[in-house]
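Before any comments, here is the structure.
Note on naming: letters A, B, ... go to the chains in the order of the sequence lines (proteins, then strands), and numbering restarts at 1 for each one.
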There are 2 protein chains.
Amino acid sequence: MPNSKPTPVTMDAVYTAPGYLFRRMQQIAVALFIEECKAFDLTPVQYAALVTISTHPGIDATRLSAVIAFDRSTLGNVIERLQAKDYIVRKPAAEDKRVKLLYLTKAGAGVLSEIMPSVDKAQARMLQPLKPADRKTLLSLLTQLVDLNNEASRVPLRAEDALEHLGRSG
Amino acid sequence: MPNSKPTPVTMDAVYTAPGYLFRRMQQIAVALFIEECKAFDLTPVQYAALVTISTHPGIDATRLSAVIAFDRSTLGNVIERLQAKDYIVRKPAAEDKRVKLLYLTKAGAGVLSEIMPSVDKAQARMLQPLKPADRKTLLSLLTQLVDLNNEASRVPLRAEDALEHLGRSG
DNA sequence: GCCACATTGTGAGTATACTGTCAATTAAAT
DNA sequence: ATTTAATTGACAGTATACTCACAATGTGGC
């Protein structure tokens with residue numbers, strides 16, 4: 001007869017799971033971002049969107065979602081909030097009546113350059129508890145892992161280069 | 001005169017930020033969990049709650065939130081959903097009329113033992129792209145980082161041991 | 001014993017993050 | 001050229017994740 005004794009469930013089933021650790025670390029990252037940047041009315045996602053619109057003026061929502069790997073539906077709300085804060089404007093495209101092109105406003109460019117030091121401080125604080133060498137190691141492994149798992153995510157990241165082509169041909 | 005040329009903003013301000021990488025990895029982790037466990041109607045958070053109620057029968061919502069470091073308000077909804085699925089029951093405590101004690105139902109215990117292999121598969125898939133040695137390194141650094149940053153998170157984790165005392169004295 | 005304080009669960013409100021679906025529009029197939 | 005496909009932005013619905021606030025309850029100071 002097989003050993004039918006069930007394996008006892010322990011909290012290790014949670015605490016040692018990489019998924020749990022990634023969730024915790026994400027929560028910590030957001031908390032540190034909000035704390036360092038509380039002088040600015042910007043969330044981490046809104047910051048990423050703002051940076052991308054800054055480096056890709058005239059990008060549309062679908063392409064923006066691909067460049068930062070955020071869900072398209074979610075991004076719709078993010079864009080609305082950024083627009084409500086007067087950090088971006090949406091202009092209809094001449095060639096394609098479906099798309100709305102995104103541009104930074106002066107206020108958007110201003111808040112972006114002002115918030116940068118605080119963002120850097122928050123990012124540094126996340127890794128601060130580790131030794132410098134360990135920070136580099138973790139960042140390197142994490143970068144690899146995100147890249148290698150790209151297709152596993154619901155909204156894979158499509159690099160900026162790839163988008164140039166996607167824009168016209170497909 | 002100082003060099004007033006503004007630093008040009010690049011996508012590195014997003015792509016190399018640890019916070020962005022943690023967000024991406026969390027999204028990937030959830031996507032893999034959902035994919036592997038789609039036969040079971042359980043989210044990662046619901047799974048963690050179920051495991052904890054299993055190992056701490058009669059725990060209350062506040063203590064549960066401390067043990068898995070999830071927000072108390074969020075957990076209220078999670079508990080409601082678990083109860084709606086008949087995986088847990090809530091019983092009023094005799095000594096304290098405010099608290100409601102949480103217990104697994106038979107169905108809850110059943111789904112928990114059944115889902116375990118799929119959860120393990122999902123957790124393994126997350127790190128699969130890395131070499132075994134790198135997986136160990138990443139997991140070790142991540143565990144350290146979450147632990148060392150514990151107080152930075154909005155809902156710091158309070159270990160099970162600490163809760164025994166908290167339960168009575170304060 | 002009473003009063004200030006803390007705790008518990010709950011609710012409202014905001015922001016991600018995903019699933020669908022849908023109409024309008026464009027592109028592709030033939 | 002007309003039917004078919006795909007794309008775009010929008011919306012509804014669900015699930016985290018946080019904020020603040022509130023009533024009910026419990027506890028400690030005195």
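- For the atom pair A:Arg125 CZ and A:Glu35 CD, the distance stands at 4.5 Å (nearest 0.5 Å).
- OP1 or OP2 of D:dT19 has not a single side-chain nitrogen or oxygen of B:Arg72 nearer than 4.0 Å.
- Because its glycosidic torsion is within 90° of 0, D:dA5 is reported here as syn.
- Residues of residues 73-92 of chain B having a heavy atom closer than 4.0 Å to DNA chain D, listed by number: B:Ser73, B:Thr74, B:Val78, B:Arg81.
- Map B:Ala61 and A:Phe70 each onto its nearest nucleotide of DNA chain C; the residue landing nearer the 5' end is B:Ala61.
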(message) Please evaluate residues B:Asp41 and B:Lys85 with respect to the criterion salt bridge (Lys or Arg N to Asp or Glu O under 4.0 Å), reporting the C-alpha separation (whole Å), side-chain torsions for both, the decisive distance (0.1 Å), and the verdict.
(response) CA-CA 9 Å; B:Asp41 190 23; B:Lys85 293 177 194 173; 3.6 Å; yes
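- Between A:Leu75 and A:Leu64, the closest heavy-atom pair is CD2-CG, 3.6 Å.
- In the model, A:Asn150 has a side-chain atom that pairs as donor or acceptor with a side-chain atom of B:Arg24 under 3.5 Å.
- Searching all strands for a Watson-Crick or G-U wobble partner of D:dA5 with both distances below 3.5 Å returns nothing.
- Base engagement by B:Asp71 is indicated by at least one non-hydrogen atom pair under 4.0 Å involving a base atom.
- If you take NZ of A:Lys100 and P of C:dT26, they are 14 Å apart, rounded to a whole angstrom.
- Between B:Glu151 and B:Arg158 there is a salt bridge, with a side-chain nitrogen of the basic residue lying less than 4.0 Å from a carboxylate oxygen of the acidic one.
- In this model, no side-chain donor or acceptor of A:Arg98 finds a partner on the base of C:dT26 within 3.5 Å.
- Considering all non-hydrogen atoms of both residues, A:Tyr20 and A:Val14 come closest at CB-O, 3.2 Å.
- Distance B:Glu95 CD to C:dT7 C1': 14 Å, rounded to the nearest Å.
- Side chain of A:Thr16 to backbone of A:Asp12: a donor-acceptor contact under 3.5 angstrom is found.
- Annotation: proximity of residues 30-47 of chain B to DNA chain C (heavy atom, distance under 4.0 Å) is found for no residue.
- With a cut-off of 3.5 Å on both Watson-Crick or G-U wobble distances, the partner of C:dT26 is given as none.
- Defined by atom type and a distance below 3.5 Å, a donor-acceptor pair is missing between the side-chain atoms of A:Arg81 and A:Gln46.
- Using a distance-only test at 3.5 Å, with no hydrogens or angles considered, no donor-acceptor pair links the side chain of A:Thr55 to the main chain of B:Met11.
- The side chain of B:Lys97 sits closest to D:dG26 out of C:dT26, D:dT8, D:dG26.
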